[in-house]
Amino acid sequence: MIFSPAGLSTDVFYHLLNQAIIPRPIAWVITRNPNQTYNLAPFSYFNGVASEPPIIMISVGWKDDSTRKDTWVNIDEREDFVVHIPPAEMAELVLGSSQALPFGVSETDHLKIKTAVVEGEKLPRLVGPKAALFCKKHKIIEVGEDRQGLILGEVKKLWMDDAAVKNQGEKILIDPQIINPLSRLGGNEYSLLGKVSSLRRSKPPI
Ligand SMILES: Cc1cc2nc3c(=O)[nH]c(=O)nc-3n(C[C@H](O)[C@H](O)[C@H](O)COP(=O)(O)O)c2cc1C
């Protein structure tokens, strides 16, 4: 079957795409509100996009009242943000943090999620996730007719829970089972990590 955006409404095609591009990693993002509290929200339009310097992207939309989502405003104005990889056991909190609260009201306080200080960082990390990427705004590009905010952030520091770091030898190995990421499928469906397979390429990996 072939689906074309030309023959379907924007919403219908968006839902189809979200069911095709699966599983999607989730960025659980802390930013600072103007009143110094923390804003927290999940974004599944998220990935790494460049290595030198290391850059990730999240794609953030608009609120129903036609203002930019709080995460976008905060990154634009204060630049720092922290992306966590949410563990499956925090799924309910991830969903809870996607509720729109009035601008400046802290989701971390509202959901009673603890934070921890990371040395040298202005923003804290969440307690619970095993990986946190400390990022600084690189560039924000408005994409498409609905002007979705493609937020590019340079990763300045990667915090990993010691328990997830398996090998400190020549190659540092991270145990995906310890990170235990929650991923998004279409609609209300989510996926867990499941079986991990190790596949070898005939040539050394690039
Ligand atoms: C798992 C999950 C993934 C989401 N992914 C996105 C996304 O990629 N882009 C987006 O604009 N909103 C996404 N949302 C909705 C936002 O989390 C929601 O609009 C939130 O209230 C934004 O918060 P903020 O205004 O504090 O930034 C997602 C929600 C959930 C539950």
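All ligand and atom numbering here is 1-based and tracks the order in the structure. In what follows, residues are counted from 1 in the order of the sequence shown.
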Starting from [atom], which protein heavy atom do you reach first, and at what distance in Å?
atom: atom 19 (O) of ligand 1; result: K69 NZ, 2.8 Å
atom: atom 27 (O) of ligand 1; result: T71 OG1, 2.6 Å
atom: atom 2 (C) of ligand 1; result: R184 NH1, 3.5 Å
atom: atom 24 (P) of ligand 1; result: D70 N, 3.6 Å
atom: atom 9 (N) of ligand 1; result: S59 O, 2.9 Å
atom: atom 1 (C) of ligand 1; result: Y190 OH, 3.3 Å
atom: atom 8 (O) of ligand 1; result: Y45 N, 2.9 Å

Among side-chain atoms of [X] and [Y], is any donor-acceptor pair under 3.5 angstrom?
X: Y45; Y: N18; result: yes
X: E107; Y: S97; result: no
X: S9; Y: D11; result: no

>> Would S44 count as a polar contact of ligand 1, with the cut-off being nitrogen or oxygen pairs under 3.5 Å?
In response: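 Right, the criterion is met.
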> Between L95 and ligand 1, is there a nitrogen or oxygen pair with a distance under 3.5 Å?
Replying inline: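 Looking only at distances, the answer is no, because the N/O contact criterion of under 3.5 Å is not met.
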>> Taking ring pair (Phe, Tyr, Trp, His ring centres under 6.0 Å) as the definition, give me every residue that meets it alongside W159, ordered by chain and number, with sequence neighbours left out.
In response: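 By the ring pair (Phe, Tyr, Trp, His ring centres under 6.0 Å) rule, W159 matches no residue at all.
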Nearest 0.5 Å, please: how far is [atom2] in [Y] from [atom1] in [X]?
X: M90; Y: H84; atom1: CE; atom2: NE2; answer: 9.0 Å
X: I178; Y: D162; atom1: CD1; atom2: CG; answer: 11.5 Å
X: S98; Y: K69; atom1: OG; atom2: NZ; answer: 8.5 Å

>> Given P42, S98, A41, S97, identify the one with the heavy atom nearest to atom 14 (N) of ligand 1.
In response: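 Among P42, S98, A41, S97, the closest heavy atom to atom 14 (N) of ligand 1 belongs to P42.
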> For atom 26 (O) of ligand 1, which candidate among N39, N188, I26 holds the nearest heavy atom?
Replying inline: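 Residue with the shortest heavy-atom distance to the ligand atom: N39.
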> By number and element, which atoms of ligand 1 are closer than 4.0 Å to a non-hydrogen atom of V60?
Replying inline: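 It comes down to these atoms of ligand 1: 11 (O).
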> Should I21 and Y14 be regarded as members of a common hydrophobic cluster, given that ILVMFWY residues are connected when their side-chain heavy atoms come within less than 4.5 Å of each other, either directly or indirectly?
Replying inline: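 No, I21 and Y14 fall in different hydrophobic clusters.
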